[in-house]
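A quick write-up on the structure given underneath.
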Number of protein chains: 2
Amino acid sequence: MASDQTRTAILAAAERLYADRGFGDVTLRDIVAEANVNLAAVNYHFGSKDELIAELFVTRSIQLNRERLRLLQAAEEAGDGRASIDAILRALVGPTLRGCLGPENQRSTAARFMIRVSIESVPPIRRIRNREIDHLRKFITAMRRSLPGHSDVELYWGLHFALAMAQQTVRDSERLTKLSEGKCDVDDVEGIIERVVSVAAMALTTGDAASKTPARMLARDAR
Amino acid sequence: MASDQTRTAILAAAERLYADRGFGDVTLRDIVAEANVNLAAVNYHFGSKDELIAELFVTRSIQLNRERLRLLQAAEEAGDGRASIDAILRALVGPTLRGCLGPENQRSTAARFMIRVSIESVPPIRRIRNREIDHLRKFITAMRRSLPGHSDVELYWGLHFALAMAQQTVRDSERLTKLSEGKCDVDDVEGIIERVVSVAAMALTTGDAASKTPARMLARDAR
DNA sequence: TTGCATTTCAAACATTTGTATGAAACTATC
DNA sequence: GATAGTTTCATACAAATGTTTGAAATGCAA
């Protein structure tokens, strides 16, 4: 009822500003100026600045998780209840990478906002992050079905590393570009997804789960 | 000359507080209280709060880089100028992981500070981070010698992924522990190092550099 | 229209924060 | 032991920030 206009204007302005300038640099006054609303409107509609940030993040997280689960479900259905490990990992890291990488001028505000989130975490967001675990467990379950012989520990590490590579690529794409002098094309999103999936899947499927790590630890010279 | 006492007391107190409570929550007044010095001492000795943070980070970064290069050099000497890829990667990620993981009560303040840095990056630190690239290039050079047949692009990605896995493990060790209900032992530092090195080395050495990615991209079904 | 609830607005509030100041205390040199 | 340079200290400053307030405006139902 009434006009959500102000509410949505604030949300849009805040996301835009946070995406562009980071959390540390954006004040309520910046936001209300961008949204053309009164300063008190934020507190009236959201209660506090932190709750505004939290709502932004929750909205985008839900979208991300929904997309991940959609891909996961599709992969499991395509494989009669047992998806390939590649497909599972692709469902896990694909949405993040697709959302946050690609040609800069084509990135949505939402994507740029999520990049910010991954770079400079801020208290209200950190609090919410912890709820992510239940979501990840669904992927562990699928992985268990996909790789029945593997120990859970290996699955956890595999998922962790897959997310690590995806996250860090989003977070530090600039450094990678500089380091490689542009030779690593961070705009080739699908290529990056395949790269991450490939490495993570290799980590999960090479060698058998129990013997891999100890064997290496004994075999290699300490330095 | 004169007493560096105040200076060092401030540095120590600041590092301790930042390590424990993060950058966002620690004010100059907290620091000077912890250090038992006057409020004005920080500006007198360091110029500004940002310069204090920068000095802390630079000091620890130099230590980290020195340690990395020491290990790299030792590995290259041991291999007559050509270190194994494992040894190179171990020199790259070992110091970070050794410094930042392990039983919590045994972690040094320096280590806990560096964990903070990796979690909540703050402007003065971000500015310095960009100088890290020259340091990483030394590892690329060593990798080039170690894996002569590989394209530079593959080396960059391998290094990037190795750092990604190490960094994210430091940053999100808590989540991994929760997700795995303790089954992934994040206190087993040497085991983690071998795990990261193993996966990164595998990514670098499996398949030949040029054909790997395209082959996968064509072979796999989109979902 | 009248009356009631919702929403907007300008202004003020209350803190918190990093930084600056100028005098006092201290140190070392001659 | 006087003097010059360094360091410490209490205090003040100035600016920024999230939040609150109470009145005005607006929307809506009877």
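Residue numbering restarts at 1 for every chain, and letters A, B, ... go by the order of the sequence lines.
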Residue pair A:Thr6 / A:His45, side-chain donor-acceptor N/O under 3.5 Å: no

Under-4.0 Å side-chain N/O to phosphate OP1/OP2 contact, A:Thr6 with C:dT8: yes

Polar contact flag, side-chain donor to acceptor under 3.5 angstrom, A:Gln73-A:Arg68: no

Minimum-distance pair of heavy atoms, taken over all atoms of B:Leu176 and A:His160: CD1-CB, 3.8 Å

d(CZ, B:Phe23; P, C:dT17) in whole Å: 16 Å

Sugar-phosphate, base or nothing in reach of B:Ala40, heavy atoms under 4.0 Å: base

Spacing of B:Asp50 atom CG relative to C:dT17 atom P, expressed in whole Å: 15 Å

Earlier contact from the 5' end, DNA chain D, for A:Asn43 and B:Asn36: B:Asn36

Given DNA chain D, 5'-ward residue of the pair A:Tyr44 and A:Gly24, judged by closest heavy atom: A:Gly24

Under 4.0 angstrom between A:Asn38 side-chain N/O and C:dA10 OP1 or OP2: yes

Nearest-angstrom distance from the residue atom CG of A:Leu39 to C1' of D:dT17: 9 Å

Separation of atom CG in B:Asp4 from atom P in C:dT27, rounded to whole Å: 15 Å

A:His45 side-chain N/O to C:dT8 phosphate OP1/OP2 under 4.0 Å: yes

Sidechain N-carboxylate O distance under 4.0 Å for B:Glu132, A:Lys178: no

Interatomic distance where CZ belongs to B:Arg29 and C1' belongs to C:dT19 [whole Å]: 9 Å

Whole-Å gap separating P (D:dT17) and CG (A:Asp25): 9 Å

